[in-house]
Amino acid sequence: MPQHLPQRSPRRQHRIHEASPHRPRALPHRLPRPNRNPPPPPNYLAKADIETPKLPADILHTDYRQNGYDWADTPATTRERRVRHYQTITGIDRMVGKIREQLEQLNLTENTLIVFSSDHGLFAGEQGLGGKALNYEVCLAVPFIVYDPRLPKEKRGQRRTELVQSIDLAPTLLDLANLDPEPSMQGESILPLLTEEDPAWRTHAFAENLWSTYFGNPRVESVRTERWKYIRYFKNDRNNWKDLEGAKGVRLYQVSSKQRKLYNHWRAASVNGEQPVYEELYDLANDPHETTNLVDNEKHSATLVELRERCQQSVTQAYDNTPTASVVPLTPGTDSK
């Protein structure tokens, strides 16, 4: 069996929406004909048209990307996959509707909280990228929808733009249940965002991905404010995965003792002074799709310095507040390195 990676919990950024408990009004009898051939997403770039990769080749090793994301390489397969995504969303929407209908039948509607979220976004060929393991908004921004029948009418159906992270989910659920979180638990309850007009809230959000693997994705850390995003990448050495060359199937996902040592090292590497080898800076207000890297623009040097410091503070705080991760041993016979 593979070992669980000894890394901190992934952080995702959320936008909050407080769902209205009322059913929507009946739809018009004639609905617009659905688009059965949706176009590729904004800034789509087919693999065959890539002249300059979004990230340097020694940072993101795209030749090793999981084959399951190859559909993002051509417009035709991307359109087909987007249709399937929309079908899945429709299915989820119907499932939530059935859950609410069942709650009504059981007379539990007024005593049930519903929180809907997701684990990550997914690149569909934007800027020539596929997959989920980077810290761009396409991957990080996920929904955070809360249905609370106890809220007064004026607080229902609101949308909030504050920066929320996946580590806020557990404290929020505990707070809604009138329970206190464990002292070691990171994150904050978002209940003030549901009940107050202008609560004090974080001004930045930290994200990280330490899952650098055979599949070529780099270690990456980032921090963003309402307007700015700073991303930093660390050395991505293919020699770390030499023992997996030629392997197939589940073996590519298993973690040997050698690789476990790498993950344990990476967990605190940036805290202990490892320097990034590549950086990005984006003005999300004017460049929401993160197409223009401003890291070398002297006009924004002060912002760059500030966010570098903020990123280092954030990763240090995350590491200091995280208990030592436990590791599940490999099944005898699989640990060959």
Looking at every heavy atom in both V142 and S118, which two are closest together, and how far apart are they?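 Of all heavy-atom pairs spanning V142 and S118, the closest is CG2-O, 3.6 Å.
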Is the [X]-[Y] ring centre distance short of 6.0 angstrom?
| X | Y | result |
| --- | --- | --- |
| W211 | H120 | no |
| F123 | Y44 | no |
| W228 | H300 | yes |

Would you please say whether a donor-acceptor pair under 3.5 Å links the side chains of [X] and [Y]?
| X | Y | answer |
| --- | --- | --- |
| T77 | D73 | no |
| Q127 | T291 | no |
| R232 | Q275 | no |

[X] bridged to [Y] by N-O distance under 4.0 Å:
| X | Y | value |
| --- | --- | --- |
| K235 | E274 | no |
| K155 | E197 | yes |
| D70 | R65 | yes |
| K229 | E137 | yes |

For E154, does the CD atom have more than 12 heavy-atom neighbours from other residues, nucleotides or ligands under 6.0 Å away?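 Yes, the 6.0 Å shell around CD holds more than 12 heavy atoms from other groups.
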Please check if atom CD in E298 has more than 12 non-hydrogen atoms from other residues, nucleotides or ligands closer than 6.0 Å.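 No, the 6.0 Å shell around CD holds no more than 12 heavy atoms from other groups.
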Between [Y] and [X], is there a cation-pi geometry (under 6.0 Å to ring centre, at most 45° from the normal)?
| X | Y | value |
| --- | --- | --- |
| R310 | F206 | no |
| R238 | Y214 | yes |
| R100 | Y147 | yes |

May I ask you to decide if the ring planes of Y263 and W266 are parallel, tilted or perpendicular, using 30° and 60° as cut-offs?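 Perpendicular.
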Can you give me every donor-acceptor pair (side chain of residues 276-283, partner residue at least two apart or in another chain, under 3.5 Å) with its distance?
{"residue": "E279", "atom": "OE1", "partner": "R308", "partner atom": "NH2", "Å": "2.7"}
{"residue": "E279", "atom": "OE2", "partner": "Y230", "partner atom": "OH", "Å": "2.5"}
{"residue": "E279", "atom": "OE2", "partner": "R308", "partner atom": "NE", "Å": "2.8"}
{"residue": "E280", "atom": "OE1", "partner": "Y136", "partner atom": "OH", "Å": "3.0"}
{"residue": "E280", "atom": "OE1", "partner": "Y233", "partner atom": "OH", "Å": "2.6"}
{"residue": "E280", "atom": "OE2", "partner": "Y136", "partner atom": "OH", "Å": "2.7"}
{"residue": "E280", "atom": "OE2", "partner": "Y282", "partner atom": "OH", "Å": "2.6"}
{"residue": "Y282", "atom": "OH", "partner": "K54", "partner atom": "NZ", "Å": "2.8"}
{"residue": "D283", "atom": "OD1", "partner": "R227", "partner atom": "NE", "Å": "2.9"}
{"residue": "D283", "atom": "OD1", "partner": "A285", "partner atom": "N", "Å": "3.2"}
{"residue": "D283", "atom": "OD2", "partner": "R227", "partner atom": "NE", "Å": "3.4"}
{"residue": "D283", "atom": "OD2", "partner": "R227", "partner atom": "NH2", "Å": "2.9"}
{"residue": "D283", "atom": "OD2", "partner": "N286", "partner atom": "ND2", "Å": "2.7"}

Ignoring hydrogens and geometry, is there a side-chain-to-backbone donor-acceptor pair from S117 to P143 under 3.5 Å?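 Present.
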